[in-house]
There are 2 protein chains.
Amino acid sequence: MNEKEISLAVIKRLPRYYRYLGELMENDVVRISSKELSERMKVTASQIRQDLNNFGGFGQQGYGYNVEYLYTEIGKILGLDRRYNVVIVGAGNLGQALANYTDFEKRGFMVTGLFDVNPRLIGMTIRGIEVRLVDELEEFVKSHNVDIAALTLPKAKAPGVAADLVKWGVRGIWNFAPTDLNLPSDIVVENVHLAESLMRVSYNLKNREWEHEI
Amino acid sequence: MNEKEISLAVIKRLPRYYRYLGELMENDVVRISSKELSERMKVTASQIRQDLNNFGGFGQQGYGYNVEYLYTEIGKILGLDRRYNVVIVGAGNLGQALANYTDFEKRGFMVTGLFDVNPRLIGMTIRGIEVRLVDELEEFVKSHNVDIAALTLPKAKAPGVAADLVKWGVRGIWNFAPTDLNLPSDIVVENVHLAESLMRVSYNLKNREWEHEI
DNA sequence: TAGATTGTTAATCGATTAACAATC
DNA sequence: TAGATTGTTAATCGATTAACAATC
């Protein structure tokens, strides 16, 4: 079951393929060639074919790719053919925003718990999900088969909570706190560092002008 | 002024260096060698030295790097030595979350305007910033020297609003809508595609187990 | 001065692109 | 069948790592 290792670069591109194929489906496009997809996505056709062939031959010579089939297959590769129970730890603005984002449920990510340290928020509900005190997190995680925890809490608390969650059985951490979590290598950590993203904007604003001159 | 082109990989690492140096400063660490920093950050010392030397020689043989000096210099490289006016278009949960995030102001990103199409939100204030109707966006952008616009609105509206903003003079777009914006190459677009980030979690949850066996 | 560590060149590794034979 | 386009190998390009002379 462990063929060649798939590179991170490839994995990062898969969700974007998936998105484009979904849009093609919405527009009732039945087939597409790597060349046409490459033009829409502004990547090379070669890269698309190489990327897909890491996982199998999904196309047909002389025809191209069936959009719906490829969409489904990439969905399976991404693990979107099942459901995930997600808890959100930190029910501030960002935690609430994530809880309200219905697009995640469409992809199988079900928010089942919302936790906060602030007693004032307790009892409040977001899309039917009650905010619970973080004291109840252990009990909840152990009894609800939680796959993924989104950490939308202050930086100082993130590493401790993450370690606890892992101890209680959570294997995926979606970390929004501006810090690195040092967890065992079998735990999946995906960081969303918004401040760093914003710094890339300022860097590029400073350096974009002269790119004209090249 | 246009020396060698800096690779995207390097640029993406700069904010992380900046964060680690900031933490070292908080802990009153005065100097650090590339070797020690590499151990903390889990990258190679060679990469740190290569990355930094794209911008100049910030260290000293036999000594290492002065933490505060390097922090300041990387800050300058990232364009953090000035202020940026930011507007947020879309005052839903995510837009509100960004408006509330005080860390951005510490780095010089000042949220000066918050806009929405929903008349119910108008008049509401977040950290002193009043939510305005999106109809006022053109007038506001043209008169307030807006550097960056965060787009936290539905996918369908994002490309149109982005094109308008660019027309009105905004040069940096921080896009949270799950779509690609095709804008002129002198415009800085930084995408934060949360759904894609979450899909990488599910991909890795599916594929992480057997990495033990390697 | 001797020791430490940078700045930088050279070697290696990996990812992207190009090319084309296979085949639908 | 002829044309189109994949799957895949080979060539190129770029990024990372290793090595070491320069030098503080």
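Worth knowing before you read on, the calculation uses all heavy atoms, side chains too, and leaves out hydrogens, waters and symmetry mates. Note on naming: letters A, B, ... go to the chains in the order of the sequence lines (proteins, then strands), and numbering restarts at 1 for each one.
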Test applied, salt bridge (Lys or Arg N to Asp or Glu O under 4.0 Å); reference residue, B:Glu196; option that passes from A:Arg13, A:Arg19, A:Arg16: A:Arg19

Can any side-chain N or O of A:Asn175 pair as donor or acceptor with the backbone N or O of A:Thr179 at less than 3.5 Å? yes

At the 4.0 Å heavy-atom cut-off to chain A, mark where contacts on DNA chain D begin and end, going 5' to 3'. D:dA4 to D:dA10

Both A:Gly62 and A:Leu8 contact DNA chain C. Which one's nearest nucleotide lies toward the 5' end? A:Leu8

Please determine if B:Glu23 and B:Arg40 form a salt bridge, counting it only when a charged side-chain N lies under 4.0 Å from a carboxylate O. no

From A:Thr112 OG1 over to A:His144 NE2, what is the distance, rounded to the nearest 0.5 angstrom? 6.5 Å

Can you confirm whether or not the ring centre of B:Tyr84 sits under 6.0 Å from the ring centre of B:Trp174? no

Any donor-acceptor pair under 3.5 Å linking the side chain of B:Ser33 with the backbone of B:Gly64? no

Reckon A:Ser46 touches a base, only the sugar-phosphate, or nothing at all at heavy-atom distances under 4.0 Å? base

Can a salt bridge be assigned to the pair B:Arg127 and B:Glu105 using a cut-off of 4.0 Å between side-chain N and carboxylate O? yes

Mark yes when over 12 heavy atoms from residues, nucleotides or ligands other than B:Asn145 sit less than 6.0 Å from its CG; otherwise mark no. no

Short N-O contact, A:Asp147 and A:Arg82, less than 4.0 angstrom: yes

DNA chain C stem ranges, 3 or more consecutive Watson-Crick or G-U pairs under 3.5 angstrom: C:3-24 with D:3-24

Tell me which residues in residues 67-74 of chain A lie within less than 4.0 Å of DNA chain C, going by non-hydrogen atoms. none

What's the spacing between A:Leu94 CG and A:Ile88 CD1 if we round to 0.5 Å? 8.5 Å

